[in-house]
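Let me begin by presenting the structure, written as structure tokens, before commenting on it.
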Number of protein chains: 2
Amino acid sequence: MTGVRETKKKQTRKAIMQAAMVLFGEKGFEKTSIEELARAAGIGKGTIYGYFQTKSDILHAFCEDELECLHEELTTNADKEIPILQQMVSIYMSEFRQITENREFARLFMQQTAFPRDVDLDRHLANEDNYFKLLFPLFEKAQERGELRNDMELLHITGHFYGLYLLLVSAWLSGRIGTEEAEPALEMLFRQALEGLQPRPDQTPSTGTSHE
Amino acid sequence: MTGVRETKKKQTRKAIMQAAMVLFGEKGFEKTSIEELARAAGIGKGTIYGYFQTKSDILHAFCEDELECLHEELTTNADKEIPILQQMVSIYMSEFRQITENREFARLFMQQTAFPRDVDLDRHLANEDNYFKLLFPLFEKAQERGELRNDMELLHITGHFYGLYLLLVSAWLSGRIGTEEAEPALEMLFRQALEGLQPRPDQTPSTGTSHE
DNA sequence: AAGAAATATTGACTGCAGTCAACTTTTCCA
DNA sequence: TGGAAAAGTTGACTGCAGTCAATATTTCTT
């Protein structure tokens with residue numbers, strides 16, 4: 001058996017993540033030092049850097065693992081026949097709820113995700129592409145149903161929704177919108193995106209466009 | 001005269017900013033230490049913290065100063081009669097060019113701006129409100145011309161464009177789009193936003209909607 | 001099985017952001 | 001004008017992220 005090393009590596013990584021989950025949860029990210037984390041995981045400080053490049057990578061890896069599962073689950077289990085608006089709201093709200101469980105997490109994660117360092121680019125792009133590809137089938141179905149224009153690239157549609165999601169999180173972090181207001185706010189933004197910001201030539205606006 | 005102090009404060013602040021501009025430009029933000037910066041500005045290290053709360057605040061203040069001027073200039077000098085699409089593209093592209101002059105600047109600035117720390121919230125919100133208010137008149141004019149729906153709050157329209165701008169910068173930082181592609185990309189996103197992602201009931205799509 | 005090569009672990013060390021108590025300069029007021 | 005209070009300046013100090021040369025463990029080769 002030539003796998004002692006691999007087994008140990010996995011164990012150690014798991015131990016770090018586990019210790020991180022506990023300590024970050026208890027004391028917060030900034031107030032947990034790497035040395036503390038190493039002690040809690042039962043390893044030396046330097047070892048951590050064999051698994052993660054920076055401190056915030058640990059946080060990031062943690063979020064990424066969780067989110068990848070979530071994405072997978074959401075996009076495959078999604079009811080592909082309900083209106084694309086509902087699908088998008090439901091998917092992005094799940095992500096939003098996951099992320100905003102902890103304010104500090106949310107800020108750091110979004111900073112890294114939306115505006116990544118050059119070092120993280122490759123990993124980041126792969127993740128993003130992966131996510132986008134999960135969304136594509138939903139858009140294709142919606143195009144077939146006539147809910148989305150088909151003279152646009154799927155990547156651009158995806159980008160459009162993603163941009164509005166970035167705005168949502170930004171507004172939440174700034175305190176412009178509260179946790180409970182997030183869902184209606186996102187729905188409104190997505191509806192705006194679908195219907196367009198310019199007046200529609202004839203069509204009566206569909207339900208619930210104007211409130212307040 | 002009770003203004004010796006004030007005069008000195010202004011001088012010192014200016015000296016810090018000036019030294020920062022030079023050093024950050026020469027060596028980059030990360031490789032410039034606060035001690036170095038202080039020496040270059042001819043003051044002690046601790047003094048800097050009387051003017052800025054953190055190192056990246058210096059960078060941020062610098063960008064903010066420049067951008068405030070830019071915003072003021074762009075929104076007042078804007079030709080309020082040309083289509084809102086052109087106005088928005090032109091305004092946001094000016095900001096984009098300013099920001100992306102230096103890659104590192106761009107990343108840190110956007111991280112702080114889109115996802116600010118709690119400490120910076122008040123300052124940030126004030127800035128943002130200020131900016132948004134400069135944009136409102138442009139939207140109002142566009143509404144009068146019938147280019148924008150008037151059953152939406154101006155803040156939401158502003159937010160919509162801003163979200164797409166965030167996406168643009170994010171995509172640029174990720175290398176998904178190059179510097180020259182930025183303008184057409186932004187135009188396309190904004191056009192999508194105006195026309196809507198769902199098919200228009202009758203109207204023939206206006207010029208240049210689909211290009212590879 | 002022996003020992004050479006490859007890989008993983010470690011904690012003392014480095015460098016820097018940010019603090020703070022002692023000190024200096026300016027302003028205020030009698 | 002003198003001297004007390006307020007405001008500003010300072011660099012030695014603290015704490016922590018990240019490095020690295022020395023050491024330990026695992027795998028490969030014969």
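Every chain is numbered from 1 and lettered A, B, ... according to where its sequence line falls, protein lines coming before strand lines.
Ring geometry, A/F24 versus A/F29: the interplanar angle exceeds 60°, so the pair is classed perpendicular (tilted spans 30 to 60°). In this pair, B/Y92 and B/F190 present their aromatic rings perpendicular. The plane angle is above 60°, beyond the 30 to 60° band.
Residues forming a side-chain hydrogen bond (donor to acceptor under 3.5 Å, both in side chains) with B/E64 (at least two apart in sequence, or on another chain): B/H60, B/R123, B/N127. Shown here are the side chain to side chain contact (heavy atoms under 4.5 Å, CB included) partners of A/A193, two or more places apart in sequence or in another chain: A/H160, A/L164, B/H160, B/L197.
Fit an axis to the five pairs at each end of the helix from C/dA1-D/dT30 to C/dA30-D/dT1 and the two axes sit 0° apart, to the nearest 10 degrees.
Distance CD (A/E6) to P (C/dA6): 18 Å, rounded to an integer number of Å. In this entry the distance linking CG of A/L37 with C1' of D/dG15 reads 16 Å, nearest Å. As rounded to whole Å, 13 Å separates atom C1' of C/dC16 from atom CD1 of B/I58. Atom C1' of nucleotide C/dT19 and atom CZ of B/F52 are separated by 18 Å, given to the nearest angstrom.
Checked for salt-bridge contact, A/E101 and A/R97 miss the test: no charged N lies under 4.0 Å from a carboxylate O. Between B/R149 and A/E195 there is a salt bridge, since a side-chain N of the basic residue sits under 4.0 Å from a carboxylate O of the acidic one.
Counted by atom type alone, A/T100 and A/W172 present zero donor-acceptor pairs between their side chains at under 3.5 Å.
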### Query
salt bridge (charged side-chain N to carboxylate O under 4.0 Å, His left out) between B/D57 and B/R117: does it pass, once the steps are laid out?
CA-CA 11 Å; B/D57 270 1; B/R117 290 167 306 164; 3.3 Å; yes

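In this structure, A/I48 and A/K55 have side chains that are not in contact, with every pair of non-hydrogen atoms separated by 4.5 Å or more. For the pair B/M188/A/M152, no side-chain contact is recorded, criterion being any heavy-atom separation below 4.5 Å from C-beta on.
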Might you list the N or O atoms of the protein lying below 3.5 Å from N or O atoms in nucleotides 21-23 of chain D, with each pair's distance?
none

### Task
Report, as a single string ordered 5' to 3', how protein heavy atoms within less than 4.0 Å touch nucleotides 7-14 of chain C: B base, S sugar-phosphate only, - not at all.
BSSBB---

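By the neighbour-count criterion of 12 heavy atoms within 6.0 Å, atom NZ of B/K10 is sparsely surrounded, having that number or fewer from other residues, nucleotides or ligands.
Residues of residues 17-34 of chain B that place a heavy atom closer than 4.0 Å to DNA chain C, in numerical order, are B/T32, B/S33, B/I34.
Screening B/E68, B/E95, B/E72 for a side-chain hydrogen bond (donor to acceptor under 3.5 Å, both in side chains) involving B/Y131 leaves a single residue, B/E95.
The CE atom of A/M93 sits 8.5 Å away from atom OH of A/Y165, with the distance rounded to the nearest 0.5 Å.
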